[in-house]
Protein chains: 2
Amino acid sequence: MMKKLGSLHENLDFKIYQELKSMILERKLKPGDKLYQDRIARDFGVSRTPLMCALKKLEQEKLIQAIPRRGFFVRKFSKEEIIHIFELREVLEGLAARRAAIHGTTVQLQKIKSFFKQFKNLYEEIDVKQYSDEDQSFHNYITQVGGLDLLQSIVRNYNIITFSYRLDFMEGLIRHPRETMGEHLAIIDAILSRQPEKAEEEMRNHLKWSRQRLAEDDKKTR
Amino acid sequence: MMKKLGSLHENLDFKIYQELKSMILERKLKPGDKLYQDRIARDFGVSRTPLMCALKKLEQEKLIQAIPRRGFFVRKFSKEEIIHIFELREVLEGLAARRAAIHGTTVQLQKIKSFFKQFKNLYEEIDVKQYSDEDQSFHNYITQVGGLDLLQSIVRNYNIITFSYRLDFMEGLIRHPRETMGEHLAIIDAILSRQPEKAEEEMRNHLKWSRQRLAEDDKKTR
DNA sequence: TATTTTTACATTGAATACAATATACAAATA
DNA sequence: TATTTGTATATTGTATTCAATGTAAAAATA
């Protein structure tokens, strides 16, 4: 007799947590918005107890800010913080890329090889939104293959990759595909040819250059 | 009239959270122990509502494991996970060391210079416990000076440094001060002389060698 | 009118109460 | 006796209730 996995029952607070999280990431809840417990609990059709737990979790992830006896507010991310996130991505995804080159299975490497296929013809017009999505999937997958549980849970918990593609202060990509396409291919190539040091370096440079572009734009707009 | 800071009131759940966390880190609660909400709430003299919130936070930090409808259990950390933690420390503290060399103030650098002073006479007998504490303080301080908010909160939240000094499977240090003392001085030197790349490299190597020693011991004890 | 004080109301934080599920032990069956 | 089934109890997850605090608007004062 096969036993059903206990982790399949999800508690209410986890469902609310996920729902609120995606509402924040999709900008249905905007930075500065106050989260009225009463109203949200009513909307979701639950009591304030599991909702409170969900809010505390979101606070820990820095998605919302709690002020005692005042309430919870959706956080705003400054450009400076986003630059810091990129600085972290450099080392974290660098590690993931290195490990992917060492530990990635043949099947995983095949999948890595398949990214950006539809954009390889540089003479065609590139759909920027589509490229951005592919970009995000690519970085997520490398992180997944890189495979340290702890690394993955940090990246997921703090929405480190997600935030890089949902910037408050700008639309679209930080750099044009013309610029980043080659870097992506270099990363893929290094992983496929099992060169861990090179994979780490290429990944780090790729993200460093994006960070530097962000920092430049930052200076200009002051 | 000066208003008192709102953040000074701490909520009850935060106090319980801190108390439980230190009990786990100090091994008053041991891996595998079940956390009975009723009993703990009674012991602390609070209701189960804030306790539940505290438990959820600890779950997010992976200090305890929640099984729905069954309860919360103190987690056990395998040697493999500790090795992974060191792998993360390599890149995270490497970044911190690099940034410390760039952004550290004169005062901060003076303090960094003062670490390990009492152990510099290698002919004297070294108190291993004392050295271990100094070691931990040193790594914490570099991380603090390195200064990205997000980096710090990751390191604190996941108890990344703390765990490295509280190993389930062994007592005391991974390597003898004879071995690590020189590495520590090299890191300090690189930061004081404002060599970011060197500081990062020295820090990464220092942690990599400890990780490799752990991995070796791991093989032996199988 | 501008500023302070009072008061009513809204909202949060925590305790209690209740329902759903899991555990443990006894009874029943093969 | 070993295994299954049923039942009592313990424990968790959620809703409800209550008290403390914050907010905002009206009344009182200068």
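Chain letters run A, B, ... following the sequence lines, proteins first, then strands; residues in each count from 1. Computed from a prediction, not measured in an experiment: that's the story for all the values here.
Regarding contacts with the backbone of C:dG13, a side-chain N or O of A:Q37 is found under 4.0 angstrom from either OP1 or OP2.
Nucleotide D:dG13 holds its P atom 8 Å from the CG atom of A:D13, rounded to whole Å. With rounding to whole Å, A:L51 atom CG is found 15 Å from C:dA14 atom P. We find that CE of A:M52 is positioned 17 Å from P of C:dT16, with the value rounded to whole Å. The NZ atom of B:K34 sits 7 Å away from the P atom of D:dT11 (whole-angstrom rounding). Atom-to-atom, CG of A:D38 to C1' of D:dG22 comes out at 15 Å; the value is rounded to the nearest Å. Spacing between atom NZ of A:K15 and atom C1' of D:dT14 amounts to 12 Å, rounded to whole angstrom units. In this structure, the CZ atom of A:F73 is 12 Å from the P atom of C:dT11, given to the nearest Å. Atom CG in A:L12 sits roughly 17 Å away from atom P in C:dA19 (whole-Å rounding).
Under a 4.0 Å N-O distance rule, the pair B:D43/B:R39 qualifies as a salt bridge. Between B:R48 and B:D38 there is no salt bridge, since no side-chain N of the basic residue sits under 4.0 Å from a carboxylate O of the acidic one.
A 4.5 Å side-chain heavy-atom check between B:E87 and A:L148 finds at least one atom pair inside the cut-off. Taking the side chain as every heavy atom from C-beta outward, A:Q118 and A:Y131 never approach each other to under 4.5 Å.
Residues of residues 56-63 of chain B that place a heavy atom closer than 4.0 Å to DNA chain D do not occur. Contacts between residues 39-50 of chain A and DNA chain C, defined by a heavy-atom separation under 4.0 Å, are made by A:R48.
Taking only side-chain atoms of A:Y36, from C-beta outward, the nucleotide of D:dT14, C:dG13, C:dT11 with the closest atom is C:dT11. Side-chain atoms of B:R69 lie closest to C:dA22 of the nucleotides C:dA22, D:dT14, C:dG13.
In summary, the side chains of B:T180 and B:R175 do not present any donor paired with an acceptor at a separation below 3.5 Å, with no hydrogens or angles considered.
In this structure, A:F138 has its ring center at least 6.0 angstrom away from the ring center of A:Y141. Taking the six-membered ring for Trp and the full ring otherwise, the centers of B:Y158 and B:F163 sit at least 6.0 Å from each other.
Note on B:L35: only backbone sugar-phosphate atoms sit closer than 4.0 angstrom, heavy atoms only; bases stay farther off.
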Stepwise side chain to side chain contact (heavy atoms under 4.5 Å, CB included) check, A:K76 with A:E81: CA-CA 10 Å; A:K76 194 191 187 79; A:E81 282 177 287; over 6 Å; no
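Scored by the side-chain hydrogen bond (donor to acceptor under 3.5 Å, both in side chains) test, A:N140 finds no partners at all (sequence neighbours excluded).
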